Number of protein chains: 2
Amino acid sequence: MAEKVTIADVARHANVSRQTVSNVLNSPEVVKEGTRQRVLAAVETLGYRVSAAARQMRTGRSRLLAVRIETTQDGMNVFDRFLHGLTESAARSGYRVLLYAAGDDRAEIATIDQLLGEFEPDGFVLTSTHHGDPRASWLAERDLPFVTFGRPWGAPAAGHPWVDVDGAAGTESATRHLLGEGHRRIGFIGWEAGSGVGDDRKAGWSRTLAAEGLDAGLTLETDGSSAQGQAAARELTGRGATALVCVSDSVALGALQVLPAVVGFDDTPVAAAVGLTSLGQPLAEAAAHCVDLLTGRLSGRPAAAHVLLTPSLVIRKEPRS
Amino acid sequence: MAEKVTIADVARHANVSRQTVSNVLNSPEVVKEGTRQRVLAAVETLGYRVSAAARQMRTGRSRLLAVRIETTQDGMNVFDRFLHGLTESAARSGYRVLLYAAGDDRAEIATIDQLLGEFEPDGFVLTSTHHGDPRASWLAERDLPFVTFGRPWGAPAAGHPWVDVDGAAGTESATRHLLGEGHRRIGFIGWEAGSGVGDDRKAGWSRTLAAEGLDAGLTLETDGSSAQGQAAARELTGRGATALVCVSDSVALGALQVLPAVVGFDDTPVAAAVGLTSLGQPLAEAAAHCVDLLTGRLSGRPAAAHVLLTPSLVIRKEPRS
DNA sequence: TCTAAGGGTTTGATCGATCTAAAAGCTGTG
DNA sequence: CACAGCTTTTAGATCGATCAAACCCTTAGA
């Protein structure tokens, strides 16, 4: 194990004081070019890296962003792609991602509280926002820096930064795609009403049909499983539907057993595997925006902004013979 | 934002010295019962939590485990479930999980090196081990604590702790299941030879057929995609196969378009969705063992142990009409 | 009675970086 | 040649915990 190199070692090696080394790294503009070079060279040859712990001690900043790792639900989740993007973007901005697990909102708040005392993350990223979400208000009350990936459903006036994907725009483009292929009786298989995300996705479908003067009554709610998706697809085709827009790939996969003109949501690996047309969320981009908003807030730039990204329709032919 | 509570605050409140508070938390046995209670009460009322940074400064231990977040490949990855288990198990042992991203082995080593200088993680968890893996040897040379999730393929004598799932045992049980259903011509769709994991899974199938005196020639290699899985299934059924064991759910999904008697590997959400029988890896358990081995090493307990877990066959009826 | 041996608790130093404040180096001007 | 007015560099103090060693007190043995 390499003996650790401290700022004092670098200072000695470059014949300057500790503080000058610190300045070279943190406020290069106050240091004379010559010394700067000399110090940088010393940093290089010694392989010096600032100790995050020591820095945190003094500055109170940990360069850590905390995120809860989602439990994979029944569905085919896309969270890992978001997390990957978050980790990469954070690294580019000099931050690292700290994970935590929590069963429900209360447990999550307790964990956040604990983390604040121990590791003091500089910011939090909340995912899966929902109606009456207590986490955002808890953080907001304490004036802690955070972003949500997901709109503040039911609290549109919430002043915190957020990033989300425009589900309605997605299903609108899916619906238009099916219209373009000549379909006129297009159904929608959703989740139970009440979830912000689900309602939003449904809205895009219905407003598009309404705009064309078509029937927006061919819709059913499910629990999100493929089985119920398949059942719903049977029912809806029975009622005349020739194409279906689905709230998720999971549901779409079930529907695909019934008819070919189906569009899913999330563009999961499954969609690619079975040749399902689906709406892809720009997750890496969303993650990058989360990091931007958060680090912006952290470096004192203006607050409260939000970003709404548009999913893109990935059109596939069903490969099934 | 709550003003932070330090150990000195607790000491003052309980009328003892800082060190006594520290002892109550770290070596309770040296403190008299009465004082212990008093200090704990003070800790409670003040809501004190040790500052990880300050502790790390002094002890050199960060209580952080670092893990690379995998890039979701073409396949339907299961990494997020492992990661979730890891986060939970780590928390139970008082550790947190720090994520990092890296494109290839060299980049990963560079990142680990950097992390060591900055955040000083106490241990590392390497995933996706493969032949000639330079990461394990790099860490081993420096005598840094780590575990791998995956055997040291090609270096069976490697002295580091590892956890893995017995792929061969899995495909063996899958093959026996198909034998039990009366199949005699059972094929195997794999990956290209050379990957430890793929070869292992194939071995379980072939040794089982060999033990029964049956033909183990019905096998093809693919790139792991559903499309190639489907093509391979066509070819193999053409050569007389009536059932197929597959190296992954992705491949199995393709095969499922050709014939019903298919077993996949990983028990991904897709398998559940389409009613595919599949081998489930005990990921939460694997993660827990990783944490155990690592924290064991960290607290000075004996080194080098390993754990081989058995996957379980999840039998499903194909729901397709 | 005096000393030794511990149990229980406290004091001072320390980890490595950054903050603050002030010293030292320049430059140009009167 | 001194000095104001900069620029550049430096010397302590500090963040919050733990280590090492000292200290106090009580009890036991000589």
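Not measured: the values here are computed from a predicted model. Here is how names work: the chains are called A, B, and so on, in the same order as the sequence lines, proteins then strands, and each is numbered from 1.
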With sequence neighbours left out, write down each residue that passes side chain to side chain donor-acceptor pair (under 3.5 Å) with Ser137(B), or none if nothing qualifies. none

For Arg18(B), side chain to side chain donor-acceptor pair (under 3.5 Å) partners two or more places apart: none

In numerical order, the residues of residues 34-42 of chain B whose heavy atoms come under 4.0 Å of DNA chain C are Thr35(B)

Taking C-beta and beyond as the side chain, do Phe124(A) and Leu116(A) meet within less than 4.5 Å on heavy atoms? yes

Under a 3.5 Å threshold, yes or no: a donor from one side chain and an acceptor from the other, between Tyr100(A) and Glu108(A)? yes

Does the side chain of Ser22(B) pick up a donor-acceptor pair with the side chain of Asn26(B) at under 3.5 Å? yes

In degrees rounded to 10°, what angle is found between the helical axes fit to the five outermost pairs at each end of the helix from dT1(C)-dA30(D) to dG30(C)-dC1(D)? 70°

Taking the side chain as everything from C-beta on, heavy atoms only, tell me whether Asn23(B) gets closer than 4.5 Å to Gln19(B). yes

Could you tell me the boundaries of the chain B footprint on DNA chain C, defined by atoms under 4.0 Å from its heavy atoms? dG8(C) to dG16(C)

How many Å lie between CD1 on Ile7(A) and C1' on dT10(D), as a whole number? 13 Å

Contact check, residues 49-63 of chain A vs DNA chain D, heavy-atom distance under 4.0 Å, returns Met57(A), Arg58(A)

Can you measure from CG (Asp122(B)) to OG1 (Thr59(B)) and round to the nearest 0.5 angstrom? 8.0 Å

Going by the rule side chain to side chain donor-acceptor pair (under 3.5 Å), which residues pair with Glu88(A) if we only count those two or more places apart in sequence or in a different chain? none

Inter- and intrachain pairs under salt bridge (charged side-chain N to carboxylate O under 4.0 Å, His left out), touching residues 144-158 of chain A, at least two apart: Arg151(A)-Asp164(A), Arg151(A)-Asp200(A)

Atom pairs and distances, donor-acceptor, side-chain atoms in residues 51-58 of chain B, under 3.5 Å, two or more places apart:
unit_1   : atom_1 : unit_2    : atom_2 : d
Ser51(B) : OG     : Ala53(B)  : N      : 3.4
Ser51(B) : OG     : Ala54(B)  : N      : 3.1
Gln56(B) : NE2    : Phe119(B) : O      : 3.2
Gln56(B) : NE2    : Glu120(B) : OE2    : 3.4

Not counting sequence neighbours, which residues clear side chain to side chain contact (heavy atoms under 4.5 Å, CB included) with Pro282(B)? List them please. Val165(B), Glu285(B), Leu309(B)

Glu33(A) atom CD: more than 12 heavy-atom contacts under 6.0 Å: yes

If the threshold is 4.0 Å, N to carboxylate O, is there a salt bridge linking Asp143(B) and Arg297(B)? yes

So, taking the atom named CG in Leu294(A) and the one named OG1 in Thr148(A), what distance separates them when rounded to the nearest 0.5 Å? 11.0 Å

Name all pairs fulfilling the ring-ring contact (aromatic ring centres under 6.0 Å, His included) condition that reach into residues 132-156 of chain A, sequence neighbours left out, sorted by first residue then second. Phe82(A)-Phe149(A), Phe146(A)-His160(A)

Check each residue of residues 8-27 of chain A for a non-hydrogen atom within less than 4.0 Å of any atom in DNA chain C, then write out the ones that pass by number, or none. Arg18(A), Gln19(A), Ser22(A), Asn26(A)

